[in-house]
Amino acid sequence: TLRILAQDGGSPAQTATTTAKIEMLRNFQAPRFEPRDYRISILETHGLGVSIAQLVARDDDTKAPYNEFRYSFSENVESRIKEYFELNPVSGLLYLKRSLMLDTTNNKVYGPFNVIATDMGKRPMVSRDPASVTITVNRNENPPVFSNEPYMKEIKRSDEVNTRIV
């Protein structure tokens with residue numbers, strides 16, 4: 001805070017005072033992703049709440065809150081991405097929030113979609129280049145089949161549990 005005094009040249013002198021608040025902007029760097037491209041493969045049975053990947057951004061500003069940031073999906077992310085996936089805004093961990101087995105379209109690829117990082121400065125800076133995320137789902141599309149049927153095997157009463165039969 002700065003106190004300012006103005007005085008005229010009259011006799012007697014007239015004065016006025018005011019205060020000014022000077023704010024130094026120290027938010028010089030925008031967050032950036034390292035790496036920028038995330039290509040991830042998961043099984044369709046991937047567990048809910050289990051992390052899929054951790055997106056990592058850096059900000060070279062030296063002081064908080066300018067070097068602290070939050071992760072979010074870009075505004076143009078498809079609704080089905082938000083339906084099945086969740087992004088922790090603080091850690092950058094990407095989670096499965098809905099079972100992929102419930103996706104009746106049986107999509108094998110989700111994305112690419114973008115994630116941004118926004119720093120916590122008074123005038124926030126957003127990552128110039130978003131992270132691009134593509135998730136490939138390995139679907140179990142082939143039922144098991146038996147070959148060499150019929151199977152015939154004599155089992156002894158003395159066989160232990162977990163003994164291989166065929």
Side-chain angles (χ1 to χ4, degrees), residues 1-140:
T1 305
L2 179 66
R3 186 171 167 219
I4 302 170
L5 172 68
Q7 181 174 332
D8 67 15
S11 180
Q14 298 282 329
T15 62
T17 55
T18 189
T19 57
K21 183 177 180 181
I22 300 172
E23 185 177 333
M24 300 289 288
L25 293 179
R26 301 189 187 283
N27 197 6
F28 301 114
Q29 306 293 324
R32 66 183 187 286
F33 284 94
E34 294 177 1
R36 280 199 48 232
D37 292 318
Y38 293 82
R39 298 186 191 291
I40 305 151
S41 292
I42 61 173
L43 296 173
E44 71 177 340
T45 56
H46 193 88
L48 299 180
V50 177
S51 67
I52 296 169
Q54 183 166 19
L55 283 70
V56 178
R58 296 176 38 94
D59 190 318
D60 289 333
D61 286 310
T62 57
K63 295 186 178 184
Y66 310 109
N67 61 357
E68 299 169 347
F69 43 87
R70 298 294 181 258
Y71 299 92
S72 61
F73 292 117
S74 295
E75 290 180 10
N76 61 350
V77 168
E78 296 176 38
S79 60
R80 74 181 175 106
I81 299 297
K82 291 180 179 179
E83 180 181 351
Y84 288 97
F85 303 99
E86 184 173 348
L87 181 63
N88 182 304
V90 177
S91 68
L93 285 169
L94 185 64
Y95 295 94
L96 186 63
K97 78 175 188 182
R98 186 168 189 230
S99 173
L100 294 168
M101 292 171 50
L102 298 175
D103 186 354
T104 56
T105 63
N106 283 327
N107 285 323
K108 292 183 181 178
V109 178
Y110 292 81
F113 59 90
N114 290 335
V115 171
I116 59 171
T118 306
D119 72 25
M120 304 302 291
K122 288 185 180 180
R123 293 188 183 149
M125 294 184 81
V126 179
S127 51
R128 290 180 187 95
D129 297 316
S132 176
V133 180
T134 304
I135 301 171
T136 303
V137 178
N138 296 324
R139 300 235 180 236
N140 185 9

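Using a 4.5 Å heavy-atom cutoff, the side chains of Leu93 and Glu86 are not in contact. At a threshold of 4.5 Å between non-hydrogen side-chain atoms, the residues Ile135 and Val109 do not count as touching. Inter-residue side-chain proximity for Asp103 and Arg98 is flagged as unmet; no heavy-atom pair is nearer than 4.5 Å. Counting heavy atoms from C-beta outward, Thr134 and Tyr110 have side chains that stay 4.5 Å or more apart. The shortest distance between side-chain heavy atoms of Asp60 and Arg32 falls below 4.5 Å. Leu100 places a side-chain heavy atom less than 4.5 Å from the side chain of Ile42. At a threshold of 4.5 Å between non-hydrogen side-chain atoms, the residues Val56 and Phe33 do not count as touching. Counting heavy atoms from C-beta on, the side chains of Thr118 and Met125 never come closer than 4.5 Å.
Checking side-chain atoms of Asp8 against main-chain N and O of Gln14 turns up a donor-acceptor pair under 3.5 Å. A distance-only check finds no donor-acceptor pair linking the side chain of Lys97 to the backbone of Leu87 [under 3.5 Å]. Proximity of a side-chain donor or acceptor of Ser51 to a complementary backbone N or O of Ala53 within less than 3.5 Å is not detected. In this structure a side-chain-to-backbone donor-acceptor pair under 3.5 Å is missing from Asp59 to Glu68. Under a 3.5 Å cut-off, the side chain of Ser127 and the backbone N or O of Pro31 do not form any donor-acceptor pair. Although no hydrogens or angles enter the test, the distance criterion places no donor-acceptor pair under 3.5 Å between the side chain of Arg70 and the main chain of Asn88. At least one donor-acceptor pair under 3.5 Å links the side chain of Gln54 to the backbone N or O of Ser91. Within the 3.5 Å criterion, the main-chain N or O of Asn76 finds no donor-acceptor partner in the side chain of Ser74. Between the side chain of Tyr71 and the main chain of Ala57, a donor-acceptor pair closer than 3.5 Å is present.
Looking at every heavy atom in both residues, Gln7 comes nearest to Thr15 through CG-CG2, 3.8 Å. Considering every non-hydrogen atom in both Ala20 and Ile4, the closest pair reads CB-CD1, 3.9 Å. Contact between Leu96 and His46 at its shortest, heavy atoms only, is CD2-O, 3.1 Å. When all heavy atoms of Tyr38 and Ala131 are compared, the pair lying nearest together is CE1-CB, 4.0 Å.
Taken from OG1 in Thr1 to CD1 in Ile22, the straight-line distance is 8.5 Å, to the nearest 0.5 Å. Going from atom CG of Leu43 over to atom OG1 of Thr136 covers 12.0 Å, rounded to the nearest 0.5 Å. To the nearest 0.5 Å, atom OG1 of residue Thr45 and atom CG of residue Leu48 are 10.5 Å apart.
If you check the side chains of Asn27 and Asp119, you find a donor sitting under 3.5 Å from an acceptor.
Under a cut-off of 6.0 angstrom, the local environment of CZ in Arg39 is sparse, with at most 12 non-hydrogen atoms contributed by other residues, nucleotides or ligands.
Looking at Lys63 and Asp61, no side-chain N of the basic residue comes within less than 4.0 Å of a carboxylate O on the acidic one, giving no salt bridge. Using a cutoff of 4.0 Å between basic side-chain nitrogens and carboxylate oxygens, Glu34 and Arg36 are not scored as salt-bridged.
Taking the ring centroids of Tyr95 and Phe85, they lie at or beyond the 6.0 Å cut-off.
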